[in-house]
Amino acid sequence: MVNAKRDTRSYESTVNGERGYQRDIISDGNALYRAFLKSKKNSDWKASVQKFETNYLLGLGDIQKELREGTYEFHEGNTFTIRERGKARRITGECIQDRIVEHVLCDEIINPAIKKYLIYDNGASQEGKGVTFTRRRLETHLQLYYKRHNSNNGYILLIDFSKYYDNIQHDMLMKMLRKYVTDISSLDLTQQIVNKSRVDVSYMSDDQYAKCMDGVFDSIKHDQVDKSLLNKQKWLPKHLNIGNQVSQSAGILYRTPIDNYIKIVRGVKEYAAYMDDSYAIHESKEFLEDLLDDIVNISKDIGITVNKKKTRICKLSDKWRFLQVQYSLTETGRIIHKINPKNITRMRRKAKKLCGVLCEKDFDNWMKSWIRGYAKYMSRKQRENICKLTEKLRTNHYQSNQ
């Protein structure tokens, strides 16, 4: 018996590191089934997902056949805008078939290929990592800095990029992927997904197009353009749709030149990144200012732009915020962390709206998950108030209806 996930190879597989075709890997039945389970997680309430699930074996069989023959074509996504913390985000929802293919593509080919080239402190979109991992690494770095210097005299550079996913250039992204992914069929599928993210900019003049390629592109402003001007004559080869798995993998790979420069070339030990947010800790403010200039130049080379309004250098002893948590390092080495009060206000409002919409089990799981994630950053009074609100909503909306 062979391991169907890894050992089986087609006659067109890569040999001695050369590029070739490995369609049997991404079209493996077990891999497709695992991708299906991941794709329907938290979205099995949708009618389209339930319809696919009624005959999922036949559906997976059709996907497998098309992948093996190289004839699979991606569907048009459903684009909508959400507002989070007052910030508009353009999201593209995709059908269950496309999500399955993207999951299998990332889980079996792309992520294993790029993982060993990512720094350990790149905390987004990887198994076993996430926001909690990055926050924990920040506290670890603060502790290590204090032990090494026996002082809180130092600075932290907080870095943010303007419209990160909107400005990922397709040619640069595919060039990076070709360094690590040798499977031609996977690269072809990835190219199709990336091409789906192209933006119709037929309304732009040549000067506007050139300025947009060299500057910051905003997909939210683009959506406000008169749709009658979009005749599919000119496409912008930058921007990735937020909402698909390939975009998440591309997001952690695209910043690799910056991460490697800071960690390896400049030797900054206390550095970590989460999507478009990152930080670097050093005892010299002048060093961080020089580092920021280099980051700006490298970012320009790969087509993204540092947000100078949000990027700043702070003293470790001051109050500064990273990933919605306020931090400060005291003279004794104690790390003070507090949740942003606006997060609690937003959560309370959201809970009052959802308590009558979700069933009691889902509401309890949702509240417990949020409290578990932020409990250590809240004061005792804040935790007590959240628990009181939860009990009050449960009593008024669930127990009273029994």
Side-chain angles (χ1 to χ4, degrees), residues 10 12-13 19-40 43 46-80 90-111 113 165 168-171 173-175 177-178 181-202 219 227 230-251:
S10 69
E12 298 176 305
S13 298
R19 298 183 183 278
Y21 292 90
Q22 296 177 337
R23 292 196 180 100
D24 57 329
I25 298 178
I26 57 177
S27 62
D28 175 72
N30 293 326
L32 287 170
Y33 179 68
R34 289 192 297 269
F36 164 65
L37 295 180
K38 292 181 180 179
S39 300
K40 77 184 187 72
S43 63
K46 295 181 180 180
S48 59
V49 177
Q50 294 175 0
K51 182 178 179 181
F52 182 88
E53 192 171 11
T54 55
N55 290 297
Y56 72 90
L57 288 178
L58 293 176
L60 293 178
D62 292 339
I63 295 174
Q64 183 183 51
K65 180 182 178 182
E66 292 178 6
L67 287 174
R68 286 179 174 174
E69 295 175 351
T71 59
Y72 186 86
E73 294 184 2
F74 291 90
H75 304 78
E76 193 70 29
N78 178 32
T79 301
F80 55 93
R90 187 174 184 263
I91 308 296
T92 300
E94 301 189 328
C95 67
I96 182 67
Q97 293 90 335
D98 287 357
R99 294 207 301 272
I100 291 172
V101 174
E102 289 168 6
H103 262 291
V104 98
L105 178 63
C106 291
D107 295 344
E108 304 298 325
I109 301 292
I110 295 179
N111 290 349
Y165 284 97
I168 291 180
Q169 296 189 3
H170 298 172
D171 291 344
L173 172 62
M174 293 306 300
K175 182 179 178 181
L177 284 171
R178 290 188 187 99
V181 178
T182 58
D183 177 29
I184 296 176
S185 55
S186 298
L187 289 171
D188 290 342
L189 285 173
T190 306
Q191 185 69 69
Q192 291 182 45
I193 297 170
V194 169
N195 288 342
K196 278 180 57 181
S197 300
R198 293 184 307 167
V199 180
D200 186 357
V201 290
S202 304
S219 60
K227 299 298 185 291
L230 307 180
N231 53 23
K232 299 183 179 180
Q233 297 298 314
K234 186 182 294 184
W235 297 91
L236 188 71
K238 64 191 299 188
H239 166 73
L240 289 181
N241 293 329
I242 299 177
N244 67 54
Q245 192 68 21
V246 172
S247 295
Q248 301 302 311
S249 299

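Since the structure is predicted, the reported quantities are computational estimates derived from the model, not experimental observations. Throughout, numbering of the chain's residues begins at 1 and tracks the sequence.
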Is any side-chain heavy atom of [X] closer than 4.5 Å to a side-chain heavy atom of [Y]?
{"X": "N244", "Y": "T92", "value": "no"}
{"X": "R99", "Y": "S43", "value": "yes"}
{"X": "I96", "Y": "K46", "value": "no"}
{"X": "V101", "Y": "E66", "value": "no"}
{"X": "S186", "Y": "I26", "value": "yes"}
{"X": "L32", "Y": "L67", "value": "yes"}
{"X": "I25", "Y": "D183", "value": "no"}

Taking the side chain from [X] and the backbone from [Y], do they hold a donor-acceptor pair closer than 3.5 Å?
{"X": "H170", "Y": "H239", "answer": "yes"}
{"X": "D98", "Y": "H75", "answer": "yes"}
{"X": "S247", "Y": "I242", "answer": "no"}

At what distance, to the nearest 0.5 angstrom, does [atom1] of [X] lie from [atom2] of [Y]?
{"X": "Q245", "Y": "D107", "atom1": "CD", "atom2": "CG", "result": "6.0 Å"}
{"X": "I109", "Y": "L189", "atom1": "CD1", "atom2": "CG", "result": "10.0 Å"}
{"X": "C95", "Y": "F52", "atom1": "SG", "atom2": "CZ", "result": "9.0 Å"}
{"X": "T190", "Y": "L105", "atom1": "OG1", "atom2": "CG", "result": "4.0 Å"}
{"X": "E102", "Y": "K38", "atom1": "CD", "atom2": "NZ", "result": "13.5 Å"}
{"X": "L37", "Y": "I100", "atom1": "CG", "atom2": "CD1", "result": "9.0 Å"}

Going by the rule side-chain hydrogen bond (donor to acceptor under 3.5 Å, both in side chains), which residues pair with [X] if we only count those two or more places apart in sequence or in a different chain?
{"X": "Q64", "value": "none"}
{"X": "E94", "value": "K196"}
{"X": "S202", "value": "D200, N231"}
{"X": "K65", "value": "none"}

Considering non-hydrogen atoms only, spot the tightest contact between Y165 and Q248 and give its length. OH-OE1, 4.0 Å
Taking all non-hydrogen atoms of both residues, which atom of V104 and which atom of A35 are closest, and how far apart? N-CB, 3.9 Å
Tell me whether the rings of F36 and Y56 are parallel (<30°), tilted (30 to 60°) or perpendicular (>60°). parallel
Examine the side chains of Y72 and D188 and answer whether a donor and an acceptor come within less than 3.5 Å of each other. no
Would you say the side-chain atoms of N111 and S249 include a donor-acceptor pair closer than 3.5 Å? yes
The salt bridge (charged side-chain N to carboxylate O under 4.0 Å, His left out) partners of K175 (sequence neighbours excluded) come to none
With E53 via salt bridge (charged side-chain N to carboxylate O under 4.0 Å, His left out) - residues at least two apart: K40
Answer yes or no: does atom NZ of K227 have more than 12 heavy-atom neighbours from other residues, nucleotides or ligands under 6.0 Å? yes
Could you please spell out the steps behind the side chain to side chain donor-acceptor pair (under 3.5 Å) verdict for N195 and Q191? CA-CA 6 Å; N195 288 342; Q191 185 69 69; 3.1 Å; yes
